[in-house]
Protein chains: 2
Amino acid sequence: MSIGPDGTADVDFSRCPVRDVLDHLGDKWTSLIVLMLAEGPQRFSALQRAVPDISKRMLTQSLRSLERDGMLSRHVYPTKPPSVEYRLTDLGRRFHAELQRLVAWAEANHAEIRAARLRHDGLGPDAALDLAEAV
Amino acid sequence: MSIGPDGTADVDFSRCPVRDVLDHLGDKWTSLIVLMLAEGPQRFSALQRAVPDISKRMLTQSLRSLERDGMLSRHVYPTKPPSVEYRLTDLGRRFHAELQRLVAWAEANHAEIRAARLRHDGLGPDAALDLAEAV
DNA sequence: CTGCATCCCGCCTGATACTG
DNA sequence: CAGTATCAGGCGGGATGCAG
């Protein structure tokens, strides 16, 4: 995602290293999963319980996506019934560190963002004043 | 986006500070726009030229979204024809700093991600070897 | 328990045309 | 120049059912 001398941005997403990372961050679930796995290896069903609103379909899809990018590894224990454990790889843990930075930044700037929103949205009745002060 | 004692994650997105930030990062265009504006104030048409593939509709929408969250400010010069200039706010510049960190991380880990992908996708004929070494 | 296949609906997004 | 309005298509993502 560089910017050329002619002022036009490099928008070749197919080979854009930044997209690979940003897509995970923008995804509704992958960040949550990484956060959960940062606390230790988890089984499929444990993850599903930990993230209540996710469907099996999306959980599987998100896990595959993270596995594909080398963020986590999948271990199958051929017991019966079988159990599958997911754990962060080294790359995944480094990604998690970045994610934590982002979370911290977001929380630190949350009030300012919300205040800007209320200002922009046309100043909801009186709640606007409350939050304007909070900044 | 915290994790409760019962192991279930806090998934109240409507009031989640992290979502407000991650949504911008995940968006296909907003990061690009922030990157462009980091080089200095830009007019609407300049941004459209800089990001070739974006439509007027999406550019407007992305700019509104960033403005709403206080990342950038909009200045209208009532000349004729009118011109509108967008520039990052303080919050926007701080956001840009975080974005830069992410870009740096992405570029630093790009090779590893791509190698993991080739491994996972079933080892494309021989290109796999090339990139495996690159790590 | 884990995960894939299918159906299906809603929203996002691009294309196009029009206005101040 | 800087948008807004409208329409139509694609696709993400939920629900359900089935398999290893």
Side-chain angles (χ1 to χ4, degrees), chain A residues 7 9 11-14 19-20 22-33 36-37 41-69 72-87 120-122, chain B residues 7 9 11 13-14 16 19-20 22-33 36-37 41-69 72-87 120-122:
Chain A
V11 198
D12 184 359
F13 289 124
S14 61
R19 259 307 116 189
D20 297 341
L22 261 45
D23 282 347
H24 285 305
L25 293 173
D27 186 87
K28 190 175 180 180
W29 305 115
T30 50
S31 295
L32 243 11
I33 292 172
M36 292 305 305
L37 288 180
Q42 304 278 335
R43 295 182 50 182
F44 185 90
S45 52
L47 288 170
Q48 194 169 17
R49 253 175 285 115
V51 189
D53 293 356
I54 197 173
S55 63
K56 271 190 301 185
R57 177 194 171 87
M58 289 317 296
L59 180 55
T60 301
Q61 189 171 310
S62 302
L63 287 169
R64 288 289 178 279
S65 175
L66 286 167
E67 185 192 5
R68 183 170 113 96
D69 283 5
L72 56 81
S73 57
R74 181 170 174 273
H75 302 270
V76 181
Y77 297 101
T79 58
K80 56 177 180 178
S83 77
V84 180
E85 194 180 70
Y86 294 90
R87 67 183 65 187
H120 184 270
D121 289 354
Chain B
V11 198
F13 289 123
S14 60
C16 176
R19 259 306 115 190
D20 296 340
L22 261 44
D23 283 345
H24 285 304
L25 292 174
D27 186 85
K28 190 175 179 181
W29 305 115
T30 51
S31 295
L32 242 10
I33 292 171
M36 292 305 304
L37 288 179
Q42 304 277 336
R43 295 182 50 181
F44 185 90
S45 52
L47 288 170
Q48 193 169 16
R49 253 175 285 115
V51 189
D53 292 358
I54 197 173
S55 64
K56 271 191 298 190
R57 178 195 172 88
M58 289 318 295
L59 179 55
T60 300
Q61 190 172 308
S62 302
L63 288 169
R64 290 285 181 283
S65 174
L66 287 167
E67 185 192 4
R68 183 170 114 95
D69 284 5
L72 57 81
S73 57
R74 181 170 173 272
H75 302 272
V76 181
Y77 299 99
T79 58
K80 57 176 177 179
S83 77
V84 180
E85 195 180 70
Y86 294 89
R87 68 183 64 189
H120 184 270
D121 289 354

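What you see below is based on every heavy atom in this structure, not just the backbone, and it leaves out hydrogens, waters and symmetry mates.
Atom pair A/K56:NZ and C/dC1:C1' shows a separation of 9 Å (rounding to whole Å applied). As rounded to whole Å, 10 Å separates atom P of D/dG3 from atom CD of B/Q48. In this structure, CD of B/Q61 is placed 14 Å from P of C/dC11, rounded to the nearest angstrom. Nucleotide C/dG3 holds its P atom 5 Å from the CZ atom of A/F44, rounded to whole Å. If you measure from atom CZ of A/R64 to atom C1' of C/dT2, you get 9 Å, rounded to the nearest angstrom. For the pair B/M58 CE and D/dA2 C1', the interatomic distance rounds to 17 Å; values are reported in whole Å. Regarding A/Q42, its CD atom lies at a distance of 16 Å from the P atom of C/dC1, rounded to whole Å. Look at NZ on A/K80: it is 13 Å from C1' on D/dG20, rounded to the nearest Å.
Ranked by how close their nearest DNA chain C nucleotide is to the 5' end, A/E85 and B/D27 are led by A/E85. Residue whose closest nucleotide on DNA chain D sits further toward the 5' end, between B/P82 and A/S55: B/P82.
Remark: side-chain polar atoms of A/S65 are not paired, donor with acceptor, to backbone N or O of A/Q61 under 3.5 angstrom.
Remark: A/S83 is not in phosphate contact with C/dC1, judged by side-chain N or O atoms under 4.0 Å from OP1 or OP2. Neither OP1 nor OP2 of C/dC1 sits under 4.0 Å from any side-chain N or O of A/T79. In terms of phosphate contacts, B/R74 brings no side-chain nitrogen or oxygen within less than 4.0 Å of OP1 or OP2 of D/dA2.
The minimum heavy-atom distance between B/R19 and A/G26, with the atom names listed, is NH1-O, 3.4 Å. Heavy atoms only, all atoms of each residue included: B/I54 and B/W29 are closest at CD1-CG, 3.6 Å. When every heavy atom of A/M36 is checked against every heavy atom of A/Q42, the shortest pair comes out as O-NE2, 4.0 Å.
For A/R57 and C/dT6, a side-chain-to-base donor-acceptor distance below 3.5 Å is present, hydrogens and geometry of angles not being considered.
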I'd like to know whether A/H24 forms a side chain to side chain contact (heavy atoms under 4.5 Å, CB included) with A/L66, so could you lay out the CA-CA distance, the side-chain angles of the two residues, the decisive distance to 0.1 Å, and finally the verdict. CA-CA 8 Å; A/H24 285 305; A/L66 286 167; 3.7 Å; yes
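Within the 4.0 angstrom heavy-atom criterion, only backbone atoms of the sugar-phosphate kind lie near A/Y86; the bases stay farther away.
When distances are taken from the side chain of A/S45 to each of C/dT2, D/dA2, D/dC1, the shortest belongs to C/dT2.
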